[in-house]
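In what follows, a single structure is set out as structure tokens and then discussed.
Just so it is clear, the model here is predicted, and its values are computed rather than measured. By convention in this document, chain letters (A, B, ...) are assigned in the order of the sequence lines, proteins followed by strands, and residues within each chain are numbered from 1.
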Amino acid sequence: MTLLDSWWDLRDLGHAVAAFLEWLGDRGVPSWLPYLVSTLVGLMALLLWALLSQLFFIWAERRLLARIQVRLGPNRAGPFGLLQPVADALKVLSKEMITPRGADKVLFWLAPIGVVVPAIVALGVIPFGQRMVLADLNVGLLFIVAVSSTATLFVFLAGWGSANKYSLLGAMRSVAMLISYEVVQVLALLAVAVFVGSIRLGDIVSWQGRYNTWLIFLQPLGLLGFLIASSVEVNRTPSDIAEAESEIVAGYHTEYGGIRWGMFQMAEYIAGFVVAATVAVLWLGGWTLWGLEEWVPGWLIFLIKLYGVFFLFIWLRGTLPRLRIDQLMGFAWKFLLPLMLLNVLLAGLEMVVWKETEAPAEVVLPIWAVGNIAIGVGLVVGWALLMGHLRPRNRPARSLLVREVGQIYYRPLEEV
Amino acid sequence: MFREIPEAAAWAIVLAPLGSFAIISLASLARSLGLGRSRPPHSAWLTIGAITASLVLSLWALDSVVQADGHAVSFEPHRWVSIAPLEVSIGFRLDGLSAIMLAVVAGVSLSVQVYSQGYMAHDPGYSRYFAFMSLFTGAMLGLVAASNLLQLFVFWELVGLCSYLLIGFWFQRDAARRAATKAFLVTRLGDLGLLSALLLIWRETGELDIGAIQEAALTGAIGSGVLAFFAGGVFAGAAGKSAQFPLHVWLPDAMEGPTPVSALIHAATMVAAGVYLVARLFPLYALSEEALTTVAVIGSVTAVMAGLLGLVMTDIKRVLAYSTISQLGYMMAGLGSLGLAPAIFHLFTHAFFKALLFLGAGSVNHATGTFDMRQMGGLARYMPFTFLFTVVAALALVGIFPLAGFWSKDELLAIAWDERRWVFWALLAGVFLTALYMGRLLFLTFAGTYRGGGGEGHGHPHESPLVMLVPMAALAALSVGVGLVNLGKGMEHLLVGSLPEEGLAVEPHFRWEMAASSVGVGVLGVGVAWLVYGLKVVRAEVIRSVFWPLAAVLERKFFMDDLYEGVIARGLVLRGVAWALQQGDEKGVDGLVNGIGQAVRVIAQRVRMVQAGQVQVYGAAIALGVVVSTVVILLVNP
Amino acid sequence: MTGVGEVAAFWILATITVGSAVVVALVRDLVRAVVALVGSFLGVAGLFILLSAEFLAVVQVLIYAGAISILMVFAIALTPRSARDNAETAMRWLALALALAMVGLLIAVATVTEWGPQAKEGFQETASAIGEALLNRYVLPFEVASVLLLAAMLGAVVMVRED
Amino acid sequence: MEVGLEHFLVIGALLFGIGLLLSLSKRNLIGVLMGIELMFNGANVTLVAFARFLEGAEALAGQVLVVFAITIAAAEAAVALAIAMALYRRRQTVDVDRADILRG
């Protein structure tokens, strides 16, 4: 029993770990120890990866945004400014952390931690490779959504605990957005689940490998909805209205400084990674690339896809202006939700037809792919035209929201 | 072409005025809600029309009774109230007595309504007045027609209510309010006796039907003691309504109402009710010597006492009021002397000339603006027709041949002479007194020179309008001629014939010496009055100073009001009974009630949480129930 | 279940769950109470995983920790003056007595009763099994539940309407 | 040391009891709602524990029932919070103490 049977198992780090644990078990160690070790090792690896990726993307995002805006961006620290994120990290770590006098200290302290935890936990079910998954839950897809949604609570707590009206406004916005877009997100994922017949992430990847296709072709509409909803959920520009600096200073983290602020930044990036990873797994075939995974490590393929999706976010941020809150809410309820419902219905119909006719996948799937792309484009365009046609002259949604949010009571300093 | 009156038509006699009342009330209500015109003149015509219909139907009913065998038309009673042992029927009793009364009530009421048309023309409460008058007349007609004591009692109280409403018609006046309350309370005192008599007789016989009770009394089913008590109780009610001593005190005060109301009350409706009630139950009195004696004594005392009081009153209407009391005493005394027919005959004739006298007084008031005779005088020149009618009525009241009063009063005297000699002497004294105060009234009002009247614009008194004079003329004609109705003893036969048994009532015998003596006493009285008030041979003040103790007593009305107000009301009731009741109420009843209330409150505050509508309490109850029931189940079935 | 990991996980999760619930009862600030409540919900989710009900655990996180708690803080934020006041009513002692009685009763029943043989192994995979059960055997309750959700949605919308 | 059905039942009982205490004693409607949710959770833990430990063909029924319970809890929470908002809008309070207009 050697630690590594064949060198190419290094393609998948999961294999290596599994082999190591097996080796440990053979040495008569109690059964819970390998479990604990593997968990800790995996967690460390995930954190390390996430932090490194974040450092890289802080630099990449600033450089890319600068390119898009026709300027240079950070270019002093290190070659091409590559050491800029390190300098930023040092700055953040060494800065003073201020707690506002009127703040609810427990909640104020709890919020940054609580925001990061769900993001990291969600990473745990992402399959980076064939066996490179910390916990291969059979409900992984749902798990990601469920865990991600808890982050919103802590965003709210950050705003609430800060005793700052801008923070509270940002928190309320984030809650309102979550309630709206969570539905869209789940419905988008549901269509995928209908196609695959499983919500285990590994199954979804292998389904795409088996049929030698990516779900992006079969579920373009779902991808669109999920991308939009997720970018809202993770507070990425152009829908970062919860921290819109031109409106409410910095939203829910206005009062945060130092590493606490850094935690929010980290949470935002990691959540972005989770979303990108989800897209990569669900729609882009995960670690598979038409047989190339036999030669190239699967995690490399997966990371490229992930970074590519994340690059899309940066691109969007540099391109699109920020939306207004009532536009964003209306978009969710009036545009995305109906489309997603139709999408689920469509997916169900297609699967029924496929199962009933027992046609070979090679025939059915291309037809569905072409049809779904056409239907998706048609629906988006048609629905947009319809909505534009039916647009109400006065917009009660906006006035209502402004009034509700404007009514928010916040604790005056002297009351504490 | 004779046809017996159908029951529906008979009921229409009662229902027509009541219907008029209902229509006027509803119209007034609608008007107060903003519908219709502000003041419709129709209410008077509606009332008059309804009462005219009642009169016509009453005459038909009277004709039917006269023609019928046994002088009664019997209608089957209808079931009204049926509560296990209590079976009350409602029926229309049409016999001689009620037929005559119906005609009298409707006739007098009609003339009064026509008169009111003029008298009340400018009163703001015009519609209300006629509504009440309709109700009053209807109630009285219903009372007369009632075949059942409970039915009678309902109308009896309705009459009382109407008298209250009408006496207090000008409720803006303090005196009117007081008088109305007084009338209501005093008559209520009598009604208490009537009600207890009703309860007693129902307990004894289980019957409230008048015919059945008479039957029971005649067959001896009712013990003499019970009968005496019953008769006494009924008489208490009758005395209250008919203003007999000692419950007469409300009637003079009742002059605060509009004069036509006084006319109606005194002549035909309210006060006649008492006499009618005794007459209606006459067979029972005839069987009870004690009750009969009581009636006779009270009647005699009332006749003399009221006559004396009439001598000293200065208000013309009060003189007439005491006169009424006195005449009612005559009737009661007659009834007490077994003279049913003379009493009702006197009630009959008296209704006309007393109504006429009141209308005359109203006419005088209309001209002078006052009721105080000291400010009148010499009115014969200004208002000859009123003078003429009043003289006719006054002489009829005194009993001068051949006017109506002569016939009826003479019969009363005759029957008293036959049955109770002392009653005769009392009544004869009453005749003198009547003549005296009526003479005084006439001389003070119409003789001598005008003494100015009351208030502004009455310097030149004038004759009343035709609408007032015509009914007076009609009544005057009746006052002259109505006494002749009984010339052939027709009415007496009618009345006595409708009694359930022969020999209950005694029929008077006409005697020349009796007639001559009564007329002579009457003329004597008028003559004395002429000497004092007409020729002023002796000044009234001198007489007063000579007989000052009597005058003082009379001017204080035998201290009756003082007795009632000072001793009974203030002293006994207010300081004694009321104080004790108040103490008992505050300390005892209130203490008990408040104590219970406090206890309930304290308990409720604890218990209230259970039903406060708070979900949490309900949830707690559910949880408790679950715990308890589970524990019980575990213990019972481990 | 006898594994060390499982036993340790049970006690840790039990402590989190019950401890957080106690904190919910004790804490006066409503938002803090919600945080503690979320802790309790997550503990329950962990217990579900321990009971080999992964699907339920995820649903628990999604709906309780993710949705209901968010709804609660939303409601707290929109009913501002109420947030500070989470005091007890007058019947707190009665409630405490009742709750103690209820807990005592339930624990007594749970420990006294003979539950019979206990399964050694948990379920292998429940998500699809539950899905099948919902759409076959329990399809009628499933439809009823969907009608209920629709009714609740409409009711909530109607109730919070402005006019 | 073994963890069995009773352990989970006790946890469920404790959750239920705390929830009961909360829902009966809290003045604030949202506090009451929290108690109700805790009671739901206690019941759910009990149900899932039964599903796990009791043998039989119907073992999964416990989990299915919990699915329904969670569904209903979500609906109930939404409605209850809507009631809280409506109540607040009407009376400027979410005190269940004062929410007694329905009293008979």
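When all heavy atoms are compared, the tightest approach of L24(D) to A95(C) is CB-CB, 3.5 Å.
To the nearest 0.5 Å, atoms OG1 (T17(C)) and CG (L14(D)) are separated by 10.5 Å. Note that CD of E76(D) and CG of L148(C) are 10.0 Å apart. Values are rounded to the nearest 0.5 Å. Note that the CG atom of L65(D) and the CD1 atom of I130(C) stand 11.0 Å from one another [nearest 0.5 Å]. F8(D) contributes atom CZ, which lies 4.0 Å from atom CG of L51(C) (distance to the nearest 0.5 angstrom). For the atom pair CD1 (I68(C)) and CD1 (I36(D)), the distance works out to 11.0 Å, reported to the nearest 0.5 Å. Atom OG1 of T46(D) and atom CG of L106(C) lie 7.5 Å apart (nearest 0.5 Å).
Counted by atom type alone, Q60(C) and N44(D) present zero donor-acceptor pairs between their side chains at under 3.5 Å.
Counting only residues at least two apart or on different chains, the side chain to side chain donor-acceptor pair (under 3.5 Å) pairs with a member in residues 30-41 of chain C are D104(A)-R32(C). Applying the ring pair (Phe, Tyr, Trp, His ring centres under 6.0 Å) test to every pair with at least one member in residues 13-49 of chain C, sequence neighbours left out, gives these pairs: F41(C)-Y64(C).
Between chain D and the options G155(C), A67(C), P141(C), A145(C), the largest number of non-hydrogen pairs under 4.5 Å is found for P141(C). Between chain C and the residues N41(D), V79(D), L21(D), L20(D), the most heavy-atom pairs under 4.5 angstrom are made by N41(D). Your options are V144(C), L56(C), L98(C), and the one with the most heavy-atom pairs under 4.5 Å with chain D is L56(C). Counting heavy-atom pairs under 4.5 Å between each of T111(C), V103(C), V109(C) and chain D puts V103(C) at the top. For chain C, the option among T71(D), V67(D), I18(D) with the highest count of heavy-atom pairs below 4.5 Å is I18(D).
With a threshold of 4.5 angstrom between heavy atoms, L5(D) approaches chain C through its backbone and through its side chain.
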